[in-house]
Number of protein chains: 2
Amino acid sequence: MARWEPNTRLRLIDAAVELFAENGYEATTVAQIAAHVGVSKMTFFRHFPDKREVLFAGQEEQVKMLHDAVAAAPASATPFETVAAAVVELAAYFPPERREPSARLHAVVASHEDLRERSAFKHARLAQALEQALIERAVPAATAGLAADLGARALREAFVRWRSPGYATDLTVLARETLDEFHEAVDLLG
Amino acid sequence: MARWEPNTRLRLIDAAVELFAENGYEATTVAQIAAHVGVSKMTFFRHFPDKREVLFAGQEEQVKMLHDAVAAAPASATPFETVAAAVVELAAYFPPERREPSARLHAVVASHEDLRERSAFKHARLAQALEQALIERAVPAATAGLAADLGARALREAFVRWRSPGYATDLTVLARETLDEFHEAVDLLG
DNA sequence: TCCTTGATGTGACTGAGTAACATCAAGGTA
DNA sequence: TACCTTGATGTTACTCAGTCACATCAAGGA
């Protein structure tokens with residue numbers, strides 16, 4: 001089956017990020033992305049359900065990872081500790097080499113409302129995964145929801161800092177910092 | 001200017017909810033909604049930026065209301081109290097008469113992924129409004145984020161219960177209950 | 001040699017969303 | 001009365017996302 005170039009999926013992702021960054025998300029058509037990879041429009045839609053999704057490939061793995069990490073926490077761990085461990089574990093999948101590509105990807109996502117909307121949906125999906133996994137650990141629903149929101153928000157803030165100058169380039173360090181900051185902030189709610 | 005029937009915008013909203021509920025979101029075209037109101041497709045898009053948005057009209061008012069309510073809280077109020085007051089104030093805009101229409105609307109939104117995505121985006125927008133307003137009150141960023149998430153989540157849960165049998169039909173009562181539940185749950189985070 | 005499998009291509013189609021330009025009644029102004 | 005502006009609408013034509021039915025063609029096994 002070596003009739004076509006391999007890694008079609010990855011090459012489509014790279015081409016999409018490049019073309020979106022260069023010419024803008026709206027101005028780039030799916031047909032252009034496909035042509036850039038030497039493939040037809042149909043093939044694009046066989047790999048991704050829609051045009052936006054090409055920028056969010058791999059999210060489902062992260063969802064599964066978070067869920068499994070929560071499930072694997074020791075029974076003695078508090079909801080916060082459980083979530084924090086899962087978030088840090090996820091952060092470990094983003095070594096410093098991934099910083100620049102991540103930043104480029106984020107710049108594209110931030111450039112268009114449709115993409116920000118999809119991004120918000122994915123963020124909610126991460127929180128939902130944490131919440132569900134906590135509930136399966138018999139954490140009360142309200143606590144599970146709050147802990148999930150805290151974890152997802154801390155993760156997002158860690159990514160923001162990761163992409164900003166003046167912060168550490170190790171995402172796990174930033175994740176721990178933001179988690180601790182939010183943990184302390186809990187006491188200030190009143 | 002009485003050449004056309006008045007309240008075109010409201011009639012489009014009603015027609016959309018009705019047709020989506022009857023025939024499904026995908027199966028209903030914008031042209032059908034417009035025709036049902038005796039208007040052209042173009043007119044629909046002059047009132048709503050896209051097909052989904054017809055189900056989320058009025059959200060921006062809620063965003064503004066939350067922001068103003070937070071800003072109007074007494075200086076002595078804690079972040080939780082501030083957010084709770086704003087959420088209850090918003091809940092007051094949904095008297096028992098709005099329960100059935102709200103439930104029908106939610107059923108439509110829940111029926112299609114595109115609409116759930118837009119809904120998640122709108123939810124994030126509410127949380128963002130709370131967060132921003134808290135920050136303008138000099139609440140530390142981390143605390144503001146957590147309080148905003150708590151408030152938005154409590155509001156959502158209150159709506160869920162409102163639409164469920166066996167709960168009060170007064171949304172402000174449910175909002176207070178869920179806010180208190182989440183407030184207590186904060187202590188269980190560990 | 002035959003057959004299955006899997007990834008791809010082609011062409012035609014629907015429907016969302018946009019743009020340019022026309023219409024036409026209301027209400028004021030000369 | 002004649003004229004003009006304004007605002008909401010209609011018409012037509014277009015691009016592009018996304019779908020569908022059907023064809024292709026190499027790899028690899030029976």
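Proteins get letters first, then strands, A, B, ... in listed order; numbering begins at 1 in each.
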Is the distance between the ring centroids of A:F121 and A:F56 under 6.0 Å? no

Any side-chain N or O of A:H47 below 4.0 angstrom from OP1/OP2 of C:dA7? no

Within this structure, what is the CD-to-P distance between B:E53 and C:dT18, rounded to whole angstrom? 12 Å

For the residue pair A:H183 and A:F80, categorise the inter-ring angle as parallel (less than 30°), tilted (30 to 60°) or perpendicular (more than 60°). parallel

Which label fits A:W162 and A:F159: parallel for a plane angle under 30°, tilted from 30 to 60°, or perpendicular past 60°? perpendicular

What is the per-nucleotide protein-contact pattern of nucleotides 12-17 of chain D, from the 5' end, where B denotes a base atom under 4.0 Å from a protein heavy atom, S denotes such proximity for sugar-phosphate atoms only, and - denotes neither? ----SB

Spell out yes or no: do the side chain of A:R46 and the base of C:dG9 have one donor N/O and one acceptor N/O closer than 3.5 Å? yes

Whole-Å gap separating C1' (C:dG17) and NE2 (A:H112): 12 Å

According to a strict under-4.0 Å criterion, is B:S40 in side-chain N/O contact with OP1 or OP2 of D:dT11? no

Measure from the side-chain N and O atoms of A:R137 to the backbone N and O of A:A73, and report whether any donor-acceptor pair falls under 3.5 Å. yes

Can a donor-acceptor pair be found, under 3.5 Å and without considering hydrogens, that links the side chain of A:S102 to the backbone of A:R99? no

Can you get from B:V139 to A:L188 by hopping between Ile, Leu, Val, Met, Phe, Trp and Tyr side chains that sit under 4.5 Å apart? no

